[in-house]
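First the structure, in the form of structure tokens, and then the observations on it.
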2 protein chains.
Amino acid sequence: MAKLSDVAARAGVSVSAVSRVLSGDPSARLSEATRERVRKAAGEVGYHPNFAGRALKLARTDVIALIVPDVTNSLFADLTRGVEDEAVARGCVMLLARSEDMQPGGSMFDRLVGEGRVDGIVLQPRDGTDPEELAQSVGVRAPIVTIHQRIPGASSVVVPDARAARLATEHLIALGHRRIGFAGGLAGSPTAQRRAAGYAEALEAAGIAHDPALVTWRGYREPDGRASTAELLALPQRPTAIVAANVNAAVGVLAQARAQGLAVPQELSVVAVHDAWTAAHTWPPLTCVRMPLYELGRTAVSALANVIDGGPVEHRSVEDPGPVLVERESTAAPRG
Amino acid sequence: MAKLSDVAARAGVSVSAVSRVLSGDPSARLSEATRERVRKAAGEVGYHPNFAGRALKLARTDVIALIVPDVTNSLFADLTRGVEDEAVARGCVMLLARSEDMQPGGSMFDRLVGEGRVDGIVLQPRDGTDPEELAQSVGVRAPIVTIHQRIPGASSVVVPDARAARLATEHLIALGHRRIGFAGGLAGSPTAQRRAAGYAEALEAAGIAHDPALVTWRGYREPDGRASTAELLALPQRPTAIVAANVNAAVGVLAQARAQGLAVPQELSVVAVHDAWTAAHTWPPLTCVRMPLYELGRTAVSALANVIDGGPVEHRSVEDPGPVLVERESTAAPRG
DNA sequence: AACACCTGATCAATCGTTTGCGCAAACGGC
DNA sequence: GCCGTTTGCGCAAACGATTGATCAGGTGTT
């Protein structure tokens, strides 16, 4: 692989001259003729700056890591694109890692951060992790921004969870539903709490009494949605509609409804927070509230860049675009 | 961040002594007392070898890249785990990249390979890419192993596609089906051809005539499955069952069947090659042939390690475990 | 007493880039 | 024709880890 000295030899100049030309150093005083010769020589030998040499000198890798609980969750498609687009726009490459082996304090975390392989981290903590404990083990060892959740001492970015859940709930109310269940996330999860709050707001605004029995706290996975639904449908006065706090859980809601012989949307309406590839291919296709996850990714990287550059800890919320309702076929007016 | 010289100062020895102790150099002559002091000092200052320094000296990063067409496809969950497990077992970290911006010759490819950020690449070419062209642009610029598909000059690893399709087809034949459609991948795709061959083998073994009209070549995505199904169901003598060459396409098969008012499995049986999270949550849940994708990942990394160490180009097929049929609810005996 | 030899550890060069500083030559003002 | 400034470029010192060569003492042999 061609190096600076190869280019220098070919162009008949010194290594430092080449370095300055190629990095576009504005303070460099070099004649246009020389610059041209250098660029030509670099092209001819196919020069690419050596990553290790540069990283060693600059103490910067231009790599940022995106760590999510499960890389293959279709919900992360948009997020991933957003992170990558913004990273590329800033001249960085994105390293995607699974958070299973990425528990802070774990050996993988050490390899990334401790060995200086990445400049910073965008971290989506696994649902149900304790923020204090997380902050402890992450320490100040690397610039980090969390998404969906705050941990002490680190920047964070969130999406308008409350607004989204409120939108979903209002959609059901507009259809005429009065008894609406909420299949929520884990009680400890901040996103779950914000979404539950949005649900409550919508009910209150419509003058509907808030019945705690209609709210479950199971989690975001498919079996959680199933369990929540079983619980809600066992109520003496069963709901005519369910807001699922997550699209994966919503798949479980549909499954449980089918298992109990309830037709969706005729006998039970279902609306989910989040949209994903899968949502359009369930039966019936799920009405969803699309969240600005692409922008979440871009914003997170932008916040991370600030921290890397020594900026202060900050907390952002992605407000534009806001959540938007995507109507499919899982919601309808209640019967009778 | 602590460096070698910090450890050396604390232990009262030279930098080289520390390096040798910590890297476990067997040819090093150092007293056990010194070794102990060095290890203690390293632990106290929290030493982690600097990635860039090491990479520069050794011309090795211990990073391998996994490049797939779409990171969020649930089919890649097992593959990803396999690649990562084997990488970690060999002391490497995995860098996961999307192949959209990873077209060989593209800027991202240059950054990974040209700048020496990775030691090698496990590449799953996007379906329908031309092997010749791909080989051209990849060149010999990096150790590379492809999966599912061969390109000239590079090692490759595949799974038993023919056996899998044969297994799926035999399952339908055992249920009593005689007129079986095949919703295949793109005609140019090697995996699609192998699967179609397995389908044909099963028919022949059962003494069923092979009707080319029953075989489509649309692709592996959901809309492709839908289109294939529409085509097959429009046949004068429609099939009673369909083998989908891919689980995503199978979702499309289900959707189209539903759109045409056909009950699955009563009026149409569906079986898919590949298993994934989604397959258990469609309606009805899909009968699938599970492929050894985890082992595919491990094998690919192992083959890549060989190439990196200067070994010859080789082509492997993952035979153990073989494909296995997972019966769910989308297949049944034909009516009447 | 002279010699080789082994042990335990250090010296110094090297990987490829970046960058502060120095040094000529050219230039302009008087 | 002298001096100060600008222009154009090269020298050399980092960055942190690895490793062949080297060296100072101690031990054993003749």
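We name chains A, B, ... by the order of the sequence lines, and we start the count at 1 in each one. Because the structure is a prediction, the values reported are computed rather than measured. For the numbers below, each heavy atom of this structure counts, side chains included, while hydrogens, waters and symmetry mates do not.
The shortest side-chain heavy-atom distance between A/Asp127 and A/Tyr220 falls under the 4.5 Å cut-off. Residues B/Pro190 and B/His148 have side chains not in contact (no heavy-atom distance under 4.5 Å, counting atoms from C-beta outward). Residues B/Ile64 and B/Val118 fail the side-chain proximity criterion, which asks for heavy atoms closer than 4.5 Å.
Note: CZ (B/Arg54) to C1' (C/dT14) measures 16 Å, nearest angstrom. To the nearest angstrom, C1' of D/dA17 lies 14 Å from CE of B/Met1. Taking atom CD of residue B/Glu36 and atom P of nucleotide C/dA9, one finds them 13 Å apart after rounding to whole Å. Per the geometry, OH belonging to A/Tyr47 stands 10 Å off C1' belonging to C/dT18, to the nearest Å. Whole-Å rounding puts the B/Glu32 CD to C/dG8 C1' distance at 13 Å. In this structure, the CG atom of A/Asp62 is 15 Å from the P atom of C/dT17, given to the nearest Å. For B/Lys3 and D/dC15, the NZ to C1' distance is 8 Å, given to the nearest whole Å. To the nearest angstrom, C1' of D/dA17 lies 9 Å from CG of B/Leu56.
Residue A/Thr34 is classed as a sugar-phosphate contact, given heavy-atom separations below 4.0 Å to backbone atoms only. Nucleic acid contact for A/Phe51: none, since no nucleic acid atom lies under 4.0 Å from a heavy atom of the residue. A/Ser5 comes within contact range of no nucleotide atom at all, as no heavy-atom separation falls under 4.0 Å.
Note on A/Arg81 versus A/Asp78: salt bridge recorded, some NZ/NE/NH1/NH2 to OD/OE distance being below 4.0 Å. Contact check on A/Lys40 versus A/Glu36 returns no salt bridge, with no Lys/Arg side-chain nitrogen under 4.0 Å from an Asp/Glu carboxylate oxygen. Ion pairing of B/Arg39 with B/Glu32 is present here, as a side-chain N (NZ or NE/NH1/NH2) and a carboxylate O approach within less than 4.0 Å.
When the side-chain nitrogen and oxygen atoms of B/Lys57 are compared with OP1 and OP2 of C/dT14, none of them lie within a distance under 4.0 Å.
Residues meeting the side-chain contact (heavy atoms from CB on, under 4.5 Å) test with B/Val15, sequence neighbours left out: B/Leu4, B/Ser5, B/Ala8.
Only B/Val15, B/Ser16, B/Ser19, B/Arg20, listed by number, bring a heavy atom of residues 6-20 of chain B to less than 4.0 angstrom from any atom of DNA chain D.
Counting only N and O atoms by type, the side chains of B/Asn50 and A/Glu115 include no donor and acceptor under 3.5 Å apart. There is a side-chain donor-acceptor pair under 3.5 Å between A/Thr72 and A/Asp70.
Checking B/Leu58 against B/Arg37, the closest nucleotide of DNA chain C that is more toward the 5' end is the one next to B/Arg37.
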Pull out every protein N or O sitting under 3.5 Å from an N or O of nucleotides 22-25 of chain C, one pair per line with the distance.
none

